[in-house]
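Some notes on the structure that comes next.
In this chain, numbering begins with 1 at the start of the sequence shown.
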Amino acid sequence: MDNKALLELSDGLKVELPILNGTMGPDVLNIKDLYKETGLFTYDPGFVSTASWSSAITFIDGDEGILKYRGHDIADLAEGNNFNDVIYLLLYGELPNSEQQRNFFFKIGELSKVSEQVVNVIKAFPKTAHPMSILIACFASLSALYHEKHGNNINSEDLNFGISAIAQVPAIIAMIYRHVNNQEFTRTDNKLSYSENFLRMMFGNAFDSNKSTLFARALDKIFTLHADHEQNASTTAVRLVGSAGSNLLASLSAGVATLWGPAHGGANEAVINMLNEIKQSGDVDKFIEKAKDDKDPFKLMGFGHRVYKNYDPRARILKDICDKVLDKLEQSNELLKIAKKLEKIALKDEYFIVRKLYPNVDFYSGIIMNAIGIPSNMFTPIFALARTTGWVAQWYEMMNDKETKICRPRQLYIGK
C-alpha cells in the first residue's frame, strides 16, 4: 500500500498527500495537487524544504557529508578518474571503458573550436570588465548562433550540443583571462587532457613540467568536485529557463549569471577578498570575534554550507591537494598563513563546531587557485567551467522528463 500523509485543516477538511520514496535520501511529500484540493499554497522561502525535481544525476546527504555522481562516491571519482571521465559519467550515466574514453577524448577535441563571433564578443569588452560579465555574453552569443541555425526547435536528444559547450568553455575562459590581462590568445592543444589544455591556454609555458603536472591535477580535482551539486541555485536557474522551452545555450547563460553571486559561485573569490581584508588589519583574532558576534554583518567566507551539516566531503579532498601545491611552491605568504590559522581555529573552536561551520570547498579551491597564480576575479569563471557539465546533464535530463512543466511558483501576497 502506498505511504501517505494526512493533512487536517482547521475547518475539518482532510487531504491525503502521497509520500514518494527516492532511491536514497529523505522521502518526499507530494503536494502538487494541494492547491486544487484545498485552495492553499505552501510557503517555503529559499526552497529549504522543497524537492523541485526528480533526478538520477547527483545525490547529497548533508548530515553525513556524502556526495555521489550517478551512484559513485566523489572521493573515488576524484582519486581514480580524470575530469573527462567525470564528464562522460554525468552525461551518459556510467564511467567509460577504454574505447569510450579514447573516443570521447577525441570528441571533446573536435568540438572545442570557438567561433569567431564569440571571440569578437570577448574582444569587445573593456579590459576592466569582470570576467563573469564577459562569460555571460559569450553563452548568450552561443545561444544566438544556435537560434540562427535551429530557430525555436529544441533538440533534447543530441548530446553534441551539450558536449560542444563543455568543450568550448575552457578556451572561452582562457581567452577572457588573457583579454583582461592584455595578452594574445593561445591555441588549444587537443593532445593534452582537459585540465592540462586549460592550464596551458591560460598561462602558456609559464610553469616547468613538474609544476604544470601538479597544477593540472589540482585543477582536475577542482573541476571534478564542482561539476554538479544537485539542485543548487544556478542549476535550478538552468532548469527553470529550460522549462520555458529555451535552448540549452540560453539556459546556460542563466546558470552563469546565477553562479556569479557571492553567496554561490562567487564564494571562493570572496574567500581571498576576506583574507586580504584580514591581512590589512593584521589581527586574525579580531575577525574571529566579529564572526561570532551575531550583531556584526561580517561572515567568515568559505566556512559552513547550506546543505552540508558535516565536513564538506569535497573540502577533505581539496585539503590534501592544497597541501601538495603549497609544498611544491614552498609558499608561506601572509594570506596562506592567515588561511591556515582560520582553518585551525574553525576546527577546534566550540562556536564553529556547534554550528558546524567547517571549512568548505570554496575555502580550499580559492587558496589553491591563488597559489597557482590565478587572480581572484577568475575563480568564479573557473567554477562555471566545471559546473557547465552538471548544467548540461541536468538540462538534458529535465527536457527528456515527460513530467516537466514550466516552472511557475506562487507567492504569499503582503502588499496593499
Side-chain angles (χ1 to χ4, degrees), residues 4-22 25-55 57-58 60 62 132-133 136 139-140 143 152 154 156 228-267 270 294 297 299 304-309 380 384 387 390-391 394-395 397-416:
K4 294 183 179 180
L6 181 65
L7 174 66
E8 184 172 354
L9 305 179
S10 58
D11 62 1
L13 178 64
K14 296 180 180 180
V15 182
E16 283 190 336
L17 300 172
I19 296 176
L20 307 180
N21 309 115
D27 295 337
V28 175
L29 196 63
N30 186 346
I31 59 168
K32 69 182 181 69
D33 293 326
L34 182 66
Y35 178 69
K36 182 170 67 176
E37 296 185 20
T38 68
L40 296 173
F41 298 139
T42 58
Y43 183 63
D44 185 19
F47 308 130
V48 295
S49 297
T50 296
S52 54
W53 311 92
S54 58
S55 178
I57 298 171
T58 298
I60 298 172
M132 284 297 282
S133 64
I136 293 168
F139 273 115
S143 70
N152 290 323
I154 305 299
S156 59
D228 195 54
H229 210 237
E230 203 223 44
Q231 303 308 317
N232 55 83
S234 58
T235 299
T236 297
V238 169
R239 280 182 172 255
L240 188 149
V241 173
S243 77
S246 299
N247 70 58
L248 171 63
L249 289 314
S251 302
L252 292 179
S253 66
V256 177
T258 310
L259 192 71
W260 192 359
H264 189 13
D294 293 338
K299 295 186 184 304
H305 193 277
R306 169 74 169 267
V307 174
Y308 295 114
K309 304 310 174 188
T380 315
R387 187 55 58 84
W391 292 334
Q394 297 269 355
W395 184 91
E397 181 183 62
M398 179 203 65
M399 295 300 284
N400 289 295
D401 183 347
K402 293 178 181 177
E403 292 190 5
T404 294
K405 298 179 180 179
I406 183 172
C407 293
R408 178 50 171 96
R410 300 303 300 272
Q411 65 179 13
L412 173 64
Y413 178 69
I414 58 171
K416 292 182 181 180

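By the 4.5 Å heavy-atom criterion applied to side chains, Arg387 and His264 are counted as neighbours. Between Leu20 and Asp27, the closest side-chain pair of non-hydrogen atoms is not below 4.5 Å. Residues Leu6 and Val15 are not in side-chain contact: their nearest non-hydrogen atoms beyond the backbone lie 4.5 Å or more apart. Between Val256 and Trp391 there is a side-chain heavy-atom pair separated by less than 4.5 Å. Counting heavy atoms from C-beta outward, Lys14 and Leu7 have side chains that stay 4.5 Å or more apart. Between Ile19 and Val28 the shortest side-chain heavy-atom distance does not fall below 4.5 Å.
Because its NZ or CZ atom is both nearer than 6.0 Å to the ring centre of Trp53 and within 45° of the ring axis, Arg239 counts as a cation-pi partner of that residue.
With no hydrogens or angles considered, a side-chain donor-acceptor pair links Thr50 and Asp44 at under 3.5 Å. The closest side-chain donor-acceptor pair between Glu230 and Ser55, if any, does not fall under 3.5 angstrom. Side chains of Thr235 and His229: no donor on one and acceptor on the other come within 3.5 Å. A donor-acceptor pair shorter than 3.5 Å can be found between the side chains of Ser234 and Asn232.
Of all the heavy atoms in Thr380 and Gly265, the pair that sits closest is OG1-O, 3.4 Å. Residue Ala5 comes nearest to Leu29 through the heavy atom pair CB-CD1, 3.5 Å, listed as atom of the first residue, atom of the second, then distance. In plain terms, the two heavy atoms of Ala237 and Thr258 that are nearest each other are CB-OG1, 3.2 Å. Counting all heavy atoms, side chain and backbone alike, Gly255 lies closest to Val238 at CA-CG2, 3.6 Å. Closest heavy-atom contact between Asp228 and Gly390: OD1-CA, 3.3 Å. Scanning both residues, Ser143 and Ala250, for their nearest heavy atoms gives CB-N, 3.4 Å.
Here the straight-line distance linking atom CD of Glu37 with atom CD1 of Ile31 works out to 12.0 Å at 0.5 Å rounding. Separating the CE atom in Met398 from the OG1 atom in Thr236 is a distance of 11.0 Å, to the nearest 0.5 Å. Here the straight-line distance linking atom OG of Ser243 with atom CH2 of Trp395 works out to 11.5 Å at 0.5 Å rounding. Once rounded to the nearest 0.5 Å, the distance linking OG of Ser251 with CG of Asn247 reads 6.5 Å.
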Walk me through whether Leu17 and Asn30 qualify under side-chain contact (heavy atoms from CB on, under 4.5 Å). CA-CA 6 Å; Leu17 300 172; Asn30 186 346; over 6 Å; no
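Residue Phe47 places its CZ atom among 12 or fewer non-hydrogen atoms of other residues, nucleotides or ligands, all under 6.0 Å distant.
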